[in-house]
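Note sheet for the following structure.
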Amino acid sequence: MLLLNKIDDVRKNIKDWKEEKYTIGLVPTMGALHKGHASLIKKAKETCDKVIVSIFVNPIQFGPNEDYDKYPRTIEKDSELCRELGVDIIFAPAPEEMYGENKKLSNNEFTFIYPAYNYVDCMCGKSRPGHFDGVATVVMKLFNITKADYAFFGQKDAQQLFILKQVVKDLNLDINIISCPIVRETDGLALSSRNTYLSETERKNAITISKALFKIKELYETGIKDTNIMFDTAISILNKDIDLEYLEFRNFETFEKVNELKKNTLIAIAAKSGKTRLIDNIIL
Ligand code: PAF
């Protein structure tokens, strides 16, 4: 396994791989890898001849008051996991390698990708303005650097997944986006690098987020479809110390809000446990 920090070094390897007609899979991550990332890497290994994992805490997707500085950086542990899983290249650039020295990372001095407003100006985009522009921009750069045939993303970031699929479609990019299921702890908590911020009590309270989602699914399976009933049920299950940011019901093909649940409805929650912002969802 190669651990590369420079774009040119990645490109040299890609050139050889392309000549050999190998299929290339990219797993974009911000590091602090857990079992959720491992499942993406395993899927990439099953699907592609060569697998690149990018590890880059992307400054332009963090707001000024968010956790960019404190975001966990665990490159040694991450490398070990990648090696065990048979990853071919880890690409772990410094911010200067991705965005150049001396640039102000604003759209006055740098080219951004702005995904369609309707998909960005809702849910996580409401409380994290600019977040999805930063995600789309870095992901498009990674696609260009790696020339990957497939890219693997977790369903946990459902809005991110939807937006990236739309960007790929709208810009006619020649890459397949593969969505991978959410990986959960045995008690239901969706795996996230940010779970490490939770105290014992905050973690216990956070479990009620997935409990609320599972209850909605259970009710749907008994024939209840009204989202108002689902909303009230979820509120009654969420621990009182969980600070709900949104609970939304959207058609996962169009991203429109729905009043009645049906197949392919995304049910998505964002909430804080203590100071930690968590997201979770299910798709029916
Ligand atoms: O989901 C993430 O970890 C990040 O948003 C991504 C896709 C790696 C872009 O920085």
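Both counts, for ligands and for their atoms, begin at 1 and track the order of listing.
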Near Gln61, which atoms of ligand 1 are under 4.0 Å from a heavy atom of that residue?
4 (C), 5 (O), 9 (C), 10 (O)
Atoms in ligand 1 flagged as close to Pro28, the criterion being non-hydrogen separation under 4.0 Å:
8 (C)
Numbering as shown, the atoms of ligand 1 that approach Val138 to under 4.0 Å (heavy-atom distance)
9 (C), 10 (O)
Relative to Tyr197, does Lys70 satisfy both conditions: NZ or CZ under 6.0 angstrom from the six-membered ring centre, and within 45 degrees of the ring's axis?
yes
Less than 3.5 Å between some nitrogen or oxygen of Asn58 and one of ligand 1, yes or no?
no
Is any N or O atom of Thr29, backbone or side chain, closer than 3.5 Å to an N or O atom of ligand 1?
no
Asp280: which of Arg184, Lys211, Lys156 passes salt bridge (charged side-chain N to carboxylate O under 4.0 Å, His left out)
Arg184
Is there a donor-acceptor pair under 3.5 Å between the side chain of Asp88 and the backbone N or O of Val51?
yes
Provide, to 0.1 Å, the distance between atom 3 (O) of ligand 1 and the closest protein heavy atom, together with that atom's residue and name.
Met30 CG, 3.7 Å
Please evaluate residues Gln61 and Asn58 with respect to the criterion side-chain hydrogen bond (donor to acceptor under 3.5 Å, both in side chains), reporting the C-alpha separation (whole Å), side-chain torsions for both, the decisive distance (0.1 Å), and the verdict.
CA-CA 6 Å; Gln61 71 185 74; Asn58 175 34; 2.9 Å; yes
Testing Lys12, Arg11, Lys6 one by one against Asp9 for a salt bridge (charged side-chain N to carboxylate O under 4.0 Å, His left out), which residue passes?
Lys12
Element-labelled atoms of ligand 1 that are located less than 4.0 Å from some non-hydrogen atom of Gln160
1 (O), 2 (C), 4 (C), 5 (O), 7 (C)
Check Arg194 with Asp67, please: is the shortest side-chain N to carboxylate O separation under 4.0 Å?
yes
